[in-house]
K.L.:
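Before anything else, here's the structure in question.
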Amino acid sequence: MADQDNTLRVLIAGAGIAGLATAISLRRISGLSNVDVQIYEQAPELLEIGASIALSPNGMRTLEKLGVNSALTDEVGFRGPSGIPQIFRHWKTDQVISVDTHTDVPDPRHHTTRFHRGHLHAALLEHVPRNIIHLNKRVKRAEATHDGVSLHFEDGSSAHGHVLIGADGIRSPVRQSFIPDYKLRFSGKVFMRATFDASLVEGKIPDLPLDSMHWWGPRDNFFASRLGKGQYTTVGAYDDPRTAEEIERSISWNSKGNVEFLRERYKNWNPTVWALTQHTPSTNLYPNFAGDALPTWVFGSRVTLIGDAAHAHGGAFAAGGSLALDDALALGLAFKHVINSSTGLEYSLEKIRRALALYSKTRQPHTARLLRIVHNQIEQRTSTATSFEEEDAALVARMKKRPNTEWLSEHDVEAAFKAALNESETEEHLEQTLSLGDGSKAEAPFEETLQLRRSKI
Ligand SMILES: Cc1cc2nc3c(=O)[nH]c(=O)nc-3n(C[C@H](O)[C@H](O)[C@H](O)COP(=O)(O)OP(=O)(O)OC[C@H]3O[C@@H](n4cnc5c(N)ncnc54)[C@H](O)[C@@H]3O)c2cc1C
């Protein structure tokens, strides 16, 4: 049910990578001529914050499909000169133990690219009209009724529409409104990230590799890479034995760290890592949380989630940016298919439901596979080695046996969408033929979702 002029009003919570990409996809990919997209963001300003973010070939291809071409240039992002996405080295000996590779990425612009998150965000922002982004709007809760959706903000105001997309990150209040008992789990790691001018290290550290490097140690890793626009990043980590609740109380996301702590922690590593920590001017802290796969991505036939809100994978395999972009493209494709393939211009609840179910069918199994790996890794973190030699042998074996993640980094979201579509059409056909009920649909039915929510309040 749309407005009298048949405009579909879509509310997006969050103007991060997923929120902006969704706005672009709905405006460009969906082909909906009468769609009114409004974005609500808690931040008072859209600043270039965050540290480094990587996009793998799937994310780079999707950026191009969304028309965000400036982010494909060598100026904004960095691709290693060897064409290798990432080189894995031993923490002490500095020996190369293994490398990531691209399998089917003929266009070098689609090779794994590393950005300052702010620069990627700014590239997306160029394609979103500023007057549809409402800042200082911190979502407190979300609601869906038969007639529409609402966002309620901490300043006491509300926004209403026909469809709601929760793109409000790993702690999504939209998700919590529909699944109130959803909990994140602390992985035990806190990341220390830094981005700074590359001139602070280039020419200052002998034999500094040109490619992106990942040194693995028995417990912690260290990552270093050039980024676009002459920036450089270093990322270290430490184990924190505290509980999720204690971490939440004491370390906020993106808070200032202590660079001396980073230097102390990596002082016995090889000379390149040691020198990189000495030249790193400051660090910010990012406690690493992850959550289980969600039982459904569609609530009340009008609400869905996108990006980290939908799959709280905690940054594993540096996949978050690419997944968010692919989610956004899949959502645009789903609306395009449902609206174009049905008669009548009206955006009925049934059409919205079908588009969201198709989106979820395309993306949910893919991200659930990643979440299974993430949670297995969190559980298997304790080492059983009894000597340095044993520990080192186990480390080298682990580095050599790194799981192949090509299914993730070269995922073809359009092919996945077509497969989901074929499957849905076959299911619908079967349902019609056998006159079955709709028990196999990918969403929680509207009434059931509301009951779930009410029962938890
Ligand atoms: C400030 C910041 C810095 C980051 N830095 C890095 C980094 O250095 N490296 C990296 O790999 N990943 C980083 N990430 C995470 C990364 O951007 C995501 O994993 C990935 O890009 C998926 O994006 P997303 O849009 O789903 O989530 P996010 O990028 O987290 O975006 C969520 C958006 O929703 C907004 N939001 C959250 N709660 C509310 C609310 N209650 N009301 C309204 N708006 C809300 C947030 O302010 C944010 O703009 C960062 C995220 C943020 C928010």
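Counting starts at 1 for both ligands and their atoms, following the listed order.
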K.L.:
Heavy atoms only, cut-off 4.0 Å: how does Phe153 contact ligand 1, side chain, backbone, both, or neither?
P.N.:
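Answer for Phe153: neither.
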K.L.:
Polar-atom distance check: Gly19 versus ligand 1, any N or O pair below 3.5 Å?
P.N.:
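No, there is no polar N/O contact under 3.5 Å.
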K.L.:
Below 3.5 Å, N or O to N or O, backbone or side chain included: is there any such pair between Arg138 and ligand 1?
P.N.:
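No, Arg138 has no N/O under 3.5 Å of an N/O on ligand 1.
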K.L.:
Take the angle between the ring planes of His160 and His152 and call it parallel below 30°, perpendicular above 60°, tilted in between.
P.N.:
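The rings of His160 and His152 stand perpendicular, inter-plane angle above 60°.
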K.L.:
If the contact criterion is a heavy-atom separation under 4.0 Å, does Ala13 count as touching ligand 1?
P.N.:
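In this structure, Ala13 fails to qualify as a contact of ligand 1 - no heavy atom is under 4.0 Å.
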K.L.:
With heavy atoms of Gly321 as the reference, note each atom of ligand 1 found under 4.0 Å away.
P.N.:
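Close to Gly321: 20 (C), 21 (O).
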K.L.:
Would you call the rings of Phe289 and Phe186 parallel, tilted or perpendicular, taking 30° and 60° as the class edges?
P.N.:
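Ring orientation of Phe289 relative to Phe186: tilted.
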K.L.:
Assess whether a salt bridge exists between Arg175 and Asp168, defined as any Lys/Arg side-chain N lying under 4.0 Å from an Asp/Glu carboxylate O.
P.N.:
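No, Arg175 and Asp168 are not salt-bridged.
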K.L.:
Do Trp91 and Trp269 have ring centres separated by under 6.0 Å?
P.N.:
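Yes; Trp269 has its ring centre under 6.0 Å from that of Trp91.
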K.L.:
Between Phe196 and Tyr232, how do the two ring planes meet: parallel, tilted or perpendicular, split at 30° and 60°?
P.N.:
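Plane angle between 30° and 60°, so tilted.
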K.L.:
So, Arg193 and Thr233: side-chain donor and acceptor under 3.5 Å apart, yes or no?
P.N.:
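Side-chain D/A pair, Arg193 to Thr233: absent.
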K.L.:
Does any N/O atom on Pro173 come nearer than 3.5 Å to any N/O atom on ligand 1?
P.N.:
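No, there is no polar N/O contact under 3.5 Å.
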K.L.:
Can you label the angle between the His311 ring and the His313 ring as parallel, tilted or perpendicular, going by 30° and 60°?
P.N.:
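Tilted.
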K.L.:
Is the shortest distance from a heavy atom of Ser52 to ligand 1 less than 4.0 Å?
P.N.:
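Yes, that is the case, since the closest heavy atom of the residue is under 4.0 Å from the ligand.
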K.L.:
Over 60° means perpendicular and under 30° means parallel, so classify the ring planes of Phe299 and Phe178, tilted if in between.
P.N.:
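Plane angle under 30°, so parallel.
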K.L.:
Quick one: does ligand 1 sit under 4.0 Å from the side chain of Gln42, the backbone, both or neither, non-hydrogen atoms only?
P.N.:
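Both parts.
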K.L.:
Considering both backbone and side-chain atoms of Tyr286, is one of its nitrogen or oxygen atoms within less than 3.5 Å of a nitrogen or oxygen in ligand 1?
P.N.:
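Between Tyr286 and ligand 1 (N or O atoms, distance only) the closest approach is not under 3.5 Å.
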K.L.:
Heavy atom under 4.0 Å from ligand 1: found in Ala18's side chain, backbone, both, or neither?
P.N.:
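Ala18 to ligand 1: contacts from backbone and side chain alike.
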K.L.:
Please work out whether any backbone atom (N, CA, C, O) or any side-chain heavy atom from C-beta onward of Ala167 is under 4.0 Å from ligand 1, and answer side chain, backbone, both or neither.
P.N.:
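The backbone, only.
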K.L.:
Considering only heavy atoms of Gly307, which atoms of ligand 1 have at least one such atom less than 4.0 Å away?
P.N.:
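This gives 26 (O) as the contact atoms.
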K.L.:
Does the side chain of Thr7 pick up a donor-acceptor pair with the side chain of Asp36 at under 3.5 Å?
P.N.:
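Not at all, the side chains of Thr7 and Asp36 share no donor-acceptor pair under 3.5 Å.
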K.L.:
With heavy atoms under 4.0 Å as the rule, classify the contact between Lys137 and ligand 1 as side chain, backbone, both or neither.
P.N.:
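The part of Lys137 near ligand 1 is the backbone, not the side chain.
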K.L.:
Relative to the heavy atoms of Gly320, which atoms of ligand 1 are at a distance of less than 4.0 Å?
P.N.:
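So the atoms of ligand 1 that pass are 20 (C), 22 (C).
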K.L.:
Are a donor atom and an acceptor atom from the side chains of Thr145 and Asp147 found within less than 3.5 Å of each other?
P.N.:
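Absent: no donor and acceptor within the cut-off.
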K.L.:
Hey, which atoms in ligand 1 end up nearer than 4.0 Å to a heavy atom of Tyr40?
P.N.:
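Answer for ligand 1: 43 (C), 44 (N).
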K.L.:
If the cut-off is 4.0 Å to any non-hydrogen atom of Gly169, which atoms of ligand 1 fall inside it?
P.N.:
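Those qualifying, in numeric order: 27 (O), 30 (O), 32 (C).
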